Amino acid sequence: MTEKKPVSIKKISVAAVCICLAFCIICPAVIAVIHSVVMGRYDYDKYSSDRYLVYDDIKEEYPRRTFEFESGENSLCAYLYGEENEKGVIVVAPGHTDTNDIKLYEIRYFVDAGYKVVCFDYTGCYTSEGKAFGGYTQAVYDLDALLAFLENSDEFAGIPVYLFGHSLGGYAVAAVLANGHDVQAVVSASGFDTAEEQWQYSISRYTGVFYPVIKPFNSLFISMKYGDDKALSAIGGINSTDIPVLVISAEDDVFYGGASPIYNRREEIENPNCTFILMDKENHNGHYDYFLTDEALRYQESQPDANIDKELYMEHDADVMQMIISFFDGVQRK
């Protein structure tokens, strides 16, 4: 019988080093690929138009006008509703992966309340140019470009401007305030604070107990991808002004592991006119469900797969929408 030679310590060490090097190369590459997919190009083939409104569903009742503005090297599409209204203009910032169409549910409330409304598609999304969305902070740059366009337009001269955004939009409408635009008030719903914080949580959410090992590589990726922009902050934007800001958070938001980062760090808010609302009603305390009625949630839970009632599927709670409208109206009266 041939005696097996023991594996040498040197060979074990070499193998361990090779495995570590491979992990150090593969892990950042995988993170980069995931980011490029999540922040890629979004077109209507990724939008469930069988269950969510598209503009054709309401165009007879809510006419709109399309215009374009430049953000970096790309031309972005925006839409003006309620052109004849006189209270002011509410600029609506969509969430991540959202088309402008999904905001029609809120847009109609604002138009009916007497406001002009402008909504748009981010770079790389739906009707706007761009090979890819690119990253969280692109939403801030696109919103900044839109506000600059409105400020330089004779059509919007002297018209009060209000901002409303949910999720990524909630981040953008707060962070953009640091750029000094003439905005009267902001509603930031379920927004996060920084791109760094949000991407860290997004990866940790899916990697669980393995995240402490992955975190250094994710941090390196964030620094390389976002640079100084990784710290572009919603809280910083809110603190850069004293205009009225309403921060809405849910108690059990799966995208943040609880309340939103802005709400959780509300003691850092220095803006004396910033107020907070925590949505904690049962079944209406998640990322978006507090906007919806019980009937809508029950209908969604029934998982309809044919002839879906788009209005019922996303039926909005009139009290929640009126709370937001009353906030904007209250600023008008001051």
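Fair warning: this is a prediction, and the values are worked out from it, not measured in the lab.
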_Side-chain heavy atoms of Phe221 within contact of His35, under 4.5 Å_ = yes

*Are Tyr256 and Val254 connected in the hydrophobic side-chain network, where two residues link if heavy atoms are under 4.5 Å apart?*
yes

*Decide yes or no for Leu292 and Asp317: does some side-chain heavy atom of the first lie under 4.5 Å from some side-chain heavy atom of the second?*
no

*asked:* For Arg64, is there any backbone N or O sitting under 3.5 Å from a side-chain donor or acceptor partner on Tyr55?
replied: yes

*What is the distance from atom CG of Asp289 to atom CG of Asp294, rounded to the nearest 0.5 Å?*
10.0 Å

*Verify same cluster id: Phe133, Met224 (apolar side-chain graph, 4.5 Å)*: no

_NZ or CZ of Lys46 within 45° of Tyr42 ring axis and under 6.0 Å_ = yes

*Got a second to check how far Ser260's OG is from Asp253's CG, nearest 0.5 Å?*
7.5 Å

*May I ask whether Leu220 and Ile203 are part of the same hydrophobic cluster, defined by side-chain heavy atoms of I, L, V, M, F, W, Y residues being less than 4.5 angstrom apart, directly or through others?*
no

*asked:* If the threshold is 4.0 Å, N to carboxylate O, is there a salt bridge linking Lys131 and Glu73?
replied: no

*Does Asp329 pair with Lys87 as a salt bridge, N-O distance under 4.0 Å?*
yes

_Could you go through Lys116 and Glu155, starting from their C-alpha distance and side-chain angles, then the distance that decides it, and tell me whether this counts as salt bridge (charged side-chain N to carboxylate O under 4.0 Å, His left out)?_
CA-CA 12 Å; Lys116 303 178 193 291; Glu155 180 180 359; over 6 Å; no

_Any side-chain heavy-atom pair of Asp57 and Lys310 under 4.5 Å_ = yes

*So, are Asp101 and Lys103 salt-bridged, with charged N and O less than 4.0 Å apart?*
no

*Look at the aromatic rings of Phe67 and Phe69 and report parallel, tilted or perpendicular, splitting at 30° and 60°.*
tilted

_In the structure I gave you, are the side-chain heavy atoms of Leu232 and Tyr136 within less than 4.5 Å of one another anywhere?_
no

*asked:* Students often mix this up, so state it plainly: with edges at 30° and 60°, are the rings of Phe276 and Tyr263 parallel, tilted or perpendicular?
replied: perpendicular

*What do you reckon, are the aromatic ring centroids of Phe291 and Tyr105 less than 6.0 Å apart?*
no

*Considering residues, nucleotides and ligands other than Glu267, do more than 12 of their heavy atoms fall under 6.0 Å from its CD?*
yes

*Measure the shortest side-chain to side-chain distance between His181 and Asp144 over non-hydrogen atoms and say whether it is less than 4.5 angstrom.*
yes

*Before giving the answer on side-chain contact (heavy atoms from CB on, under 4.5 Å), spell out for Val91 and Leu146 the whole-Å C-alpha distance, their side-chain angles and the decisive distance to 0.1 Å.*
CA-CA 9 Å; Val91 178; Leu146 174 57; 3.7 Å; yes

*Is the shortest side-chain N to carboxylate O distance from Arg65 to Glu83 below 4.0 Å?*
yes

*Counting only N and O atoms by type, is there a donor-acceptor contact under 3.5 Å from the side chain of Asn239 to the main-chain atoms of Glu270?*
yes

_Return the CD to CZ distance between Gln184 and Phe328, rounded to the nearest 0.5 Å._
11.0 Å

*Between Ser128 (side chain) and Gly124 (backbone), is there a donor-acceptor pair under 3.5 Å?*
no

*Indicate yes or no for a side-chain donor-acceptor contact from Ser190 to the backbone of His287 under 3.5 Å, with no hydrogens or angles considered.*
yes

*Can you check whether Thr97's main-chain N or O pairs, donor with acceptor, with Tyr126's side chain at less than 3.5 Å?*
yes

*Within the side chain of Asp252, is there an N or O that forms a donor-acceptor pair under 3.5 Å with the backbone of Asn285?*
no

*Charged N to carboxylate O below 4.0 Å: is that the case for Arg265 and Glu197?*
yes

*List the steps and the verdict of salt bridge (charged side-chain N to carboxylate O under 4.0 Å, His left out) for Arg41 and Asp43.*
CA-CA 7 Å; Arg41 173 81 200 182; Asp43 291 301; 3.0 Å; yes

*Taking the six-membered ring of Phe255 as reference, does the NZ or CZ atom of Arg205 fall below 6.0 Å from its centre and within a 45° cone about the axis?*
yes

*First locate atom CD1 of Ile248, then atom CD1 of Ile277, and finally report the distance between them rounded to the nearest 0.5 Å.*
5.5 Å

*Give a yes or no on whether Met323 atom CE has more than 12 heavy-atom contacts from other residues, nucleotides or ligands under 6.0 Å away.*
yes

_So, taking the atom named CE in Met39 and the one named OG1 in Thr123, what distance separates them when rounded to the nearest 0.5 Å?_
13.5 Å

*For the residue pair Phe149 and Glu70, establish whether any side-chain heavy-atom pair is separated by less than 4.5 Å.*
no

*In terms of hydrophobic clusters joined by side-chain contacts under 4.5 Å, are Phe192 and Tyr141 together?*
no

_Could you check whether any side-chain N or O of Asn271 sits under 3.5 Å from a backbone N or O of Val245, counting only pairs where one atom can act as donor and the other as acceptor?_
no

*asked:* Salt bridge or not between Arg298 and Glu315? Use side-chain N to carboxylate O under 4.0 Å.
replied: no

*Assess the pair Tyr62 and Tyr81: is the distance between their ring centroids shorter than 6.0 Å?*
no

_I'd like to know if the side chain of Gln300 reaches the main chain of Tyr313, judged simply by a donor and an acceptor atom lying under 3.5 Å from each other, with no hydrogens or angles considered._
yes

*Counting only heavy atoms not in Phe210, do more than 12 fall under 6.0 Å of its CZ?*
no

*Are the side chain of Ser204 and the backbone of Tyr201 linked by a donor-acceptor contact shorter than 3.5 Å?*
yes

*Looking at side-chain heavy atoms only, is the closest gap between Met279 and His284 below 4.5 Å?*
no

*Begin with the C-alpha distance, continue with both residues' side-chain angles, and end with the deciding distance and a verdict on side-chain contact (heavy atoms from CB on, under 4.5 Å) for Leu246 and Val186.*
CA-CA 6 Å; Leu246 174 61; Val186 172; over 6 Å; no

*Answer with yes or no after comparing the ring centroid distance for His96 and Tyr171 against a 6.0 Å cut-off, counting only values under it.*
no

*Going by the angle between their ring planes, with limits at 30° and 60°, are Tyr288 and His316 parallel, tilted or perpendicular?*
perpendicular

*Hey, is the main chain of Ile243 close enough, under 3.5 Å, to the side chain of Thr241 for a donor-acceptor pair?*
yes

_For residues Val37 and Trp199: do they belong to one hydrophobic cluster (side chain heavy atoms under 4.5 Å, members Ile, Leu, Val, Met, Phe, Trp, Tyr)?_
no

_What verdict does the side-chain contact (heavy atoms from CB on, under 4.5 Å) test give for Phe327 and Val187, after you've listed the backbone C-alpha separation in whole Å, the side-chain angles of each residue and the deciding distance to 0.1 Å?_
CA-CA 8 Å; Phe327 174 75; Val187 174; 3.5 Å; yes

